[in-house]
Amino acid sequence: MSQLNIIFAGTPEFGLPCLDALLHSTHHIQAIYTQPDRPAGRGRKLQASAVKEWAVSHQIPVYQPQNFKNPEAISELAALKPDVMVVIAYGLILPKAVLEIPRLGCINVHASLLPRWRGASPIQSAILHGDKETGVTIMQMDAGMDTGAMLRKVICPISASETAQSLHDKLAQISAEPLLQTLNELAAQTLHPEIQNDELATYAKKINKEDALINWHDAAGEIDCKIRAFNPWPIAYTALHEEILRIHKAQVVSLETKQVPGTVIDIDKKGLVVATGDQGLLIEKIQFPGGKVISIADWLNSSKSTLHTGYVFQ
């Protein structure tokens, strides 16, 4: 089996299981490309990416160009003479000049069953739209947005209680083995690429905080999907007495009422039942600005609850 010299390009922790697998494979990680350190936390101190921290701990060279518009960044990459570049949630656009540097091209691990959910938020979008399954696609990169030929797919069911975090963790774990299989076949020149059907493509746009605002006129099932899709970020929210109330956990309950959507129908230690455009939503875990995530039972016990039945969330 041929050993490939690999450059890995990625930023968040999603890529770590694949990095671990590559490290213990027959292939060689030459270098890591990751985004520049960013200010984070209340102190706004520069924070290295999860991928950089992994690379440093394993003594692998790290490169952090701002972008590839600078010819020097492209020349630096070309000087490494990689066989292949593995790209996982890197967050930077790779121009044609970069895609053509590796002898065997650039391989991307994408967290959806392409051509469904091309773009920046495939995990959240799958939950948000009520998909029953998603998965990982290993793809040969081209100049388009997740448009390259598909090399391998693995399917993952989406449970009724799935959050973006839990699905992220599952997809990260199941990515490693198909990536290694793809690289081995790439080295052996036994791959059978499948062209994507552009007519079936859907786009997963970048998520903003404003997207997480709950519209109580939506059906309870749609709101539940939003709460799970936007956990752990940006967290679905509504307004309570001019304060932001973030909702971390809820479930759909059967409810027939003529009350306006957003109306609190019932409150007890199980949660808040709120009327929606269709059925009810039982809110179980909440968070106020600067506070911890708490259950409704703990909130009621704290004597800080000022909520009453008949209150209408806007």
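Every heavy atom of this structure was used, including side-chain atoms; hydrogens, water molecules and symmetry mates were not. We're numbering straight along the sequence, starting at 1. Quantities reported herein were computed from a predicted structural model and do not represent experimental measurements.
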Are [Y] and [X] linked, directly or through intermediate hydrophobic residues, by side-chain heavy-atom contacts shorter than 4.5 Å (ILVMFWY only)?
X	Y	answer
I60	L179	yes
W54	Y90	no
L151	V109	yes

Could you grab the distance from atom [atom1] of [X] to atom [atom2] of [Y], nearest 0.5 Å is fine?
X	Y	atom1	atom2	result
K285	D298	NZ	CG	9.5 Å
L77	E72	CG	CD	13.5 Å
K209	I235	NZ	CD1	11.5 Å
I286	I296	CD1	CD1	4.0 Å
L114	Q196	CG	CD	4.5 Å

Result of checking [options] against [X] for side chain to side chain contact (heavy atoms under 4.5 Å, CB included):
X	options	answer
L99	M85, M141, Q140	M141
W117	D146, I123, L128, D131	D131
F8	V84, T34, V87, L22	L22

Using atom types as modelled and distance alone, determine if a side-chain donor or acceptor of [X] lies under 3.5 Å from a backbone N or O of [Y].
X	Y	answer
S166	E162	no
D224	A220	no
D83	R103	no
D268	K270	yes
Q3	T26	yes
K226	L213	yes
S25	H27	yes

How far apart are the closest heavy atoms of [X] and [Y], and which atoms are they?
X	Y	value
L255	Q279	N-OE1, 2.9 Å
K269	L300	N-CD1, 4.0 Å
S175	C18	CB-SG, 3.6 Å
Q314	T238	O-OG1, 3.4 Å
Q259	I265	CG-CD1, 3.6 Å
N231	T163	O-CB, 3.8 Å

Please verify the inter-ring angle class for W299 with F288; under 30° counts as parallel, over 60° as perpendicular, anything in between as tilted. tilted
Take atom NE2 in H308; do more than 12 heavy atoms of anything else shown fall under 6.0 Å from it? yes
Answer yes or no: does atom NZ of K249 have more than 12 heavy-atom neighbours from other residues, nucleotides or ligands under 6.0 Å? no
Under 3.5 Å, is there a donor-acceptor pair between the D169 and Q165 side chains? yes
Between K153 and E194, does any NZ, NE, NH1 or NH2 come within less than 4.0 Å of an OD or OE carboxylate oxygen? no
Would you call K205 and D211 a salt bridge, taking side-chain N to carboxylate O under 4.0 Å as the test? yes
Whether R246 engages the ring of Y237 as a cation-pi pair (distance to the six-membered ring centre under 6.0 angstrom, angle to the ring normal within 45°) should be assessed. yes
